[in-house]
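Nothing here was measured: the structure is a model prediction, and the numbers come from that model.
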Amino acid sequence: MPGLADQAVGALLALLGVGTSVAGLLGLKWYSAGGHAILSRSQLWYSAAATWAFGQILQFFGAHFATQSVVAAVTNMGIVFNAIGANRLFGETFNNWDTIGTIGIILGAVLVVLSAPVLLVESMTMGEISAMFGTSPGPLAGLLVTATVACGAAIFVVVATRRGWEGRTSLGLAFGTLAGFNGSYSITFTKLVWLLFAETIRPGGENGFAQPAAWVLGGFMSGGEAIMIVCLVFGLHRSEASVVVPTYYGTMTVFSAVQGILVFDLARELKTASAVHFVSGVIICLAAVVLLGSSRRHGELLRAPRVNASTLLRTSGMASSAADQAVSRASMVGGNNQRGLCHV
């Protein structure tokens, strides 16, 4: 287990990393909103993407010094950074229910990572990883359960996009969920790749990347990261950052914790109190996402243009009056033409 100094260094790197990543995401949101003051649009996009990638690298090195639970808890500060940036840059306002939902996501995610058991294994061979997936249904179940939730979000994204539901809160929640799932997938396979790397550099250890299956794990790791950023870019283009980013961080934390427990068979390490805290954290996080979505959806309805009955009556009356005047002018013109013909 890392010492206190290493935990502090890892937490600091993770905090700097998540702040930098959120700055990059807000830059991508600014790009999709058409904003480009100093930089050109292409320069803005590349700068924002590079900023986000640099933040991910900082978080990656933070995980080297600190335990997973500390890094995961710190990265949820990205929700706070995003709330401040979205308000300053895009004028996305927060009411009391939005604030409660955002705080709930943070508390639920922190409760999940602090109660989840820590993986104490420092290295694994490819044979041990293959045996882990072959002898127990837990690893595949962890990936399939979270994939089922992500499939539901993916189906909703496809339907909503075809129907032109851009700007809707529900679409932002779906994209945030998809990004969180792919982020958790990337985290899970990153753990496996790190374990293979540790085995490779261990004195007397075997080359963890000598078998093609190890590169398949690396492909899943990079593929999950790539799909995650695509979901974030499309989500930020079609919905508010104050919806997409909190959903992304909250679901990624919950999904990665569930996958970590099932993939590495850590359920037996959960004591009664820890299990209660873990389940409570998941419930709080999901309830907070629903609350945030309902609050932002209510805000959409309030911001939508309204037309009441009196406005419709006035509008129809004005239209009828205009039509009557047009008919009268047409009749006068027709009558004058007839008189002119008779005169000739």
Might you work through the side-chain contact (heavy atoms from CB on, under 4.5 Å) test for Val282 and Leu111, ending with a clear yes or no? CA-CA 8 Å; Val282 172; Leu111 189 60; over 6 Å; no
Let's go through Met77 and Tyr249 carefully: what are the C-alpha distance in whole Å and the side-chain angles of both, what is the deciding distance for side-chain contact (heavy atoms from CB on, under 4.5 Å) to 0.1 Å, and is it a yes or a no? CA-CA 9 Å; Met77 286 299 296; Tyr249 276 111; over 6 Å; no
Ile129 vs Leu217, test: side-chain contact (heavy atoms from CB on, under 4.5 Å). Steps then yes/no. CA-CA 10 Å; Ile129 293 177; Leu217 297 180; 4.3 Å; yes
Go through the steps for Trp52 and Ile229 under the test side-chain contact (heavy atoms from CB on, under 4.5 Å), then give the verdict. CA-CA 9 Å; Trp52 174 84; Ile229 187 59; 3.8 Å; yes
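Ring geometry, Tyr185 versus Phe181: the interplanar angle falls from 30° to 60°, so the pair is classed tilted. Ring pair Trp215/Phe209 is tilted by interplanar angle, where 30° to 60° counts as tilted.
Of the inter-residue distances, the one linking His277 atom NE2 with Ser274 atom OG reads 7.5 Å to the nearest 0.5 angstrom. Once rounded to the nearest 0.5 Å, the distance linking OG of Ser130 with CE of Met124 reads 9.0 Å. Summarising the geometry, atom CG belonging to Leu13 is positioned 10.5 Å from atom OG1 belonging to Thr20; distances are rounded to the nearest 0.5 Å. Atom CD of Glu206 is separated from atom CG of Leu196 by 8.5 Å, given to the nearest 0.5 angstrom.
Contact check for Phe197 versus Ile201: side-chain heavy atoms found under the 4.5 Å cut-off. Taking the side chain as every heavy atom from C-beta outward, Val18 and Phe81 approach each other to under 4.5 Å. With contacts defined as side-chain heavy-atom distances shorter than 4.5 Å, the pair Phe278/Val254 does not qualify. By the 4.5 Å heavy-atom criterion applied to side chains, Leu192 and Phe264 are counted as neighbours.
Counting only distance, with no hydrogens or angles, the side chain of Ser21 and the backbone of Gln56 share a donor-acceptor pair below 3.5 Å. Of the possible polar contacts, none joining the Ser47 side chain to the Leu44 backbone as a donor-acceptor pair under 3.5 Å is found. Listed for the Lys29 side chain is a donor-acceptor partner under 3.5 Å among the backbone atoms of Ser239. Between the side chain of Ser186 and the main chain of Asn182, no donor-acceptor pair closer than 3.5 Å is present. In this structure, Asn82 contributes its side chain and Val22 its backbone to no donor-acceptor pair below 3.5 Å.
Around CZ of Phe220, the count of heavy atoms belonging to other residues, nucleotides or ligands within 6.0 Å does not exceed 12. The environment of Phe61 atom CZ is sparse: at most 12 non-hydrogen atoms of other residues, nucleotides or ligands sit within 6.0 angstrom.
The minimum heavy-atom distance between Pro246 and Ala241, with the atom names listed, is CD-O, 3.5 Å. The minimum heavy-atom distance linking Met228 with Ala179 is given by the pair CG-O, 3.3 Å. Nearest approach of Ser242 to Ala86, heavy atoms of both residues: N-CB, 4.5 Å. Taking every heavy atom of both residues into account, Gly176 and Thr251 meet most closely at O-OG1, 3.6 Å. Closest approach of Thr177 and Phe255 over heavy atoms only: O-CE1, 4.1 Å. When all heavy atoms are compared, the tightest approach of Met126 to Ala213 is CE-CB, 3.7 Å.
Using a 4.5 Å cut-off between side-chain heavy atoms of Ile, Leu, Val, Met, Phe, Trp and Tyr, with links allowed through other members, Leu144 and Ile155 fall into different hydrophobic clusters. The cluster map of Ile, Leu, Val, Met, Phe, Trp and Tyr, joined by side-chain heavy atoms under 4.5 Å apart, puts Ile283 and Ile103 in different clusters. There is no path of hydrophobic side-chain contacts, each under 4.5 Å, that joins Ile227 to Val245. Residue Phe90 is grouped with residue Tyr31 when hydrophobic side chains (ILVMFWY) are merged at heavy-atom distances under 4.5 angstrom, including chains of intermediate members. A single hydrophobic cluster is seen to contain both Leu89 and Trp45, as judged by linkage of ILVMFWY side chains at heavy-atom distances under 4.5 Å, directly or through other members.
Residues Thr125 and Glu199 bring no donor and acceptor atom of their side chains to less than 3.5 Å of each other.
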